[in-house]
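Values below: every heavy atom of this structure, side chains too, minus hydrogens, waters and symmetry copies. Keep in mind the model is a prediction, meaning the values are calculated, not measured. Just so we're on the same page: letters track the sequence lines, and every chain starts at 1.
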Amino acid sequence: MSQFWLVKSEPDECGIDDFVAKRNGVIRWDGVRNYQARNFMREMQVGDEVYLYHSSCADIGIAGTLRVARTAYPDPLQFDPESTYFDPKADPEQPRWTSVDLAFVSKAQSVLSLAKLKQMPALQDSHLVKRARLSVMPLSAAEWAAIAQALSH
DNA sequence: GCCAACGTTGGC
DNA sequence: GCCAACGTTGGC
């Protein structure tokens with residue numbers, strides 16, 4: 001069964017416009033270095049729908065929709081000493097960190113702001129509102145639908 | 001740039 | 001296994 005997710009990124013690093021530019025391709029979602037977020041990524045299935053959330057920027061909120069194009073595989077950056085995401089404790093035999101591939105679905109006409117998300121009754125119990133600083137999180141079908149409706153306005 | 005939340009590390 | 005120190009996230 002298809003599931004719903006939300007991923008956060010700073011748009012300077014990887015935002016919805018990077019996915020627009022790769023409209024017919026995929027982007028590797030890498031650099032996640034939090035175990036809870038990683039574990040959620042490992043549950044993702046091809047075809048799952050994903051909201052992209054822009055954090056730490058002028059226009060904070062949900063900026064578009066993506067789709068899982070490839071399930072979990074080892075994040076190559078953990079083995080790359082040149083990368084800021086290099087993890088000296090990562091073992092190629094037993095990789096610690098996970099990537100998935102994500103593909104563009106749509107860009108929001110305007111960003112659905114965090115202020116509006118916080119006001120939505122359907123999101124009061126969501127990870128997004130309740131738990132700070134989690135960069136990959138599941139959404140319930142009801143949470144997904146409420147956001148979809150707000151985005152369509 | 002500040003700072004609260006919170007995850008990780010390491011000494012004991 | 002506890003917990004203080006420290007680092008990171010991310011809104012403001």
Could you write nucleotides 6-12 of chain C as a row of B, S and -, 5' to 3', where a protein heavy atom under 4.0 Å of any base atom gives B, of only sugar-phosphate atoms gives S, and otherwise -? ---BBSS
Check the surroundings of atom CD in Gln124(A): do more than 12 heavy atoms from other residues, nucleotides or ligands lie under 6.0 Å from it? yes
Do Tyr73(A) and Trp97(A) have ring centres separated by under 6.0 Å? no
Looking at Arg38(A) and Asp75(A), does any basic side-chain N land under 4.0 Å from a carboxylate oxygen? no
Pair Arg96(A) + Asp87(A), salt bridge at N-O below 4.0 Å: yes
Centroid separation under 6.0 Å, is that true for the rings of Tyr51(A) and Trp144(A)? yes
